[in-house]
Amino acid sequence: IIAGQGNVSQKKSLTLSIIYVFSMSLTYAVAGIIVAISGTNIQASLQNPYVIGSISLLFFLFALAMFKFFDIQMPKSIQTIMTQLSSKQKSGSYGDVAVMGVLSALIVGPCVTAPLIGALIYISTTNDYILGGLALFSMGLGMGLPLLLLGTSASQLTKKIGPYLEITNKVFGVLFLVVSIWLIERIVSIQ
């Protein structure tokens, strides 16, 4: 999002990174407030063997894709629409970066399941929406700190990391397999 803009100044990279992390943190804060107000026990819902099995299967498929057994792509019709929309967007737009921050919080949420679920369980028992919002906003800021550092230096780093992307895919493929096996092990140990 930031490095793909081409030669972006250090100041603009920092500003875009801050917007990205702030919008991601706000999304987590909203989730904390919703859970605190609802008081529902989301842990029980997420411990369902069907939910765990589905997530495990997704991680397994992602691992296979990282090992190049197949490519995961959006349907061509959606790709065309997205290409048309993105061609209309101004490069390095602050609004676009904010939207991507919100979406990344929703997408990355499963990757930080343990601390996120722990925080949400505690928040759901307190019914304190201020604590819920602040706790998850703080968690989002903490998660975003490395992103700020990376985003600020992204345009310089992308020139150097190109050759290592294939190795990175293999490492993430192994990690996805480990997570898939770990999740399935939880289901098998229940029965």
Side-chain angles (χ1 to χ4, degrees), residues 1-5 8-48 51-52 54-56 58-59 62 66 82 85-86 89-158 161 168 171-172 175-176 178-180 182-183 186:
I1 295 168
I2 296 165
Q5 306 301 325
V8 178
S9 70
Q10 197 99 15
K11 183 179 177 184
K12 185 160 185 180
S13 290
L14 177 63
T15 305
L16 291 170
S17 299
I18 288 171
I19 291 170
Y20 182 88
V21 169
F22 189 75
S23 62
M24 181 181 72
S25 300
L26 280 177
T27 305
Y28 281 122
V30 169
I33 291 168
I34 290 170
V35 167
I37 289 173
S38 70
T40 58
N41 187 354
I42 60 165
Q43 179 190 18
S45 302
L46 293 175
Q47 295 304 318
N48 182 323
V51 173
I52 293 172
S54 299
I55 294 171
S56 175
L58 277 176
F59 274 104
F62 292 155
M66 294 303 249
M82 298 306 277
L85 287 174
S86 66
Q89 300 299 317
K90 188 178 135 194
S91 180
S93 165
Y94 298 118
D96 292 343
V97 171
V99 169
M100 288 308 295
V102 169
L103 292 176
S104 74
L106 300 174
I107 294 167
V108 173
C111 297
V112 291
T113 301
L116 183 60
I117 293 299
L120 289 175
I121 290 169
Y122 178 74
I123 291 165
S124 69
T125 60
T126 65
N127 293 335
D128 184 352
Y129 62 91
I130 293 173
L131 172 69
L134 287 175
L136 288 188
F137 184 77
S138 299
M139 185 185 90
L141 288 178
M143 287 173 42
L145 184 60
L147 295 174
L148 280 174
L149 298 172
L150 183 62
T152 304
S153 60
S155 56
Q156 289 82 19
L157 284 176
T158 53
I161 62 172
T168 304
V171 169
F172 275 100
L175 291 175
F176 286 156
V178 169
V179 170
S180 177
W182 175 71
L183 288 169
R186 293 174 63 193

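In this text the structure is predicted, and so the values were computed from the model without any measurement.
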>> Holding to side-chain contact (heavy atoms from CB on, under 4.5 Å), I want the full list of residues that pass it with Leu131, two or more places apart in sequence or in another chain.
In response: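 For Leu131, the residues satisfying side-chain contact (heavy atoms from CB on, under 4.5 Å) (neighbours in sequence not counted) are Tyr122, Thr126, Asp128.
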
> Of all residues at least two apart in sequence or in a different chain, which pass the side-chain contact (heavy atoms from CB on, under 4.5 Å) check with Leu141?
Replying inline: Val21, Ser25, Phe137

>> Among residues at least two apart in sequence or on other chains, which ones pass side-chain hydrogen bond (donor to acceptor under 3.5 Å, both in side chains) with Ser180?
In response: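 Scan of Ser180 (side-chain hydrogen bond (donor to acceptor under 3.5 Å, both in side chains), adjacent residues dropped) gives Ser56.
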
> What orientation do Phe176 and Phe172 show, parallel under 30°, tilted 30 to 60°, or perpendicular over 60°?
Replying inline: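 The arrangement is tilted - the two ring planes meet at 30° to 60°.
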
> Val30 and side-chain contact (heavy atoms from CB on, under 4.5 Å): which partner among Leu26, Thr27, Ile34, Ile33?
Replying inline: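 In the set Leu26, Thr27, Ile34, Ile33, the residue that makes a side-chain contact (heavy atoms from CB on, under 4.5 Å) with Val30 is Ile34.
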
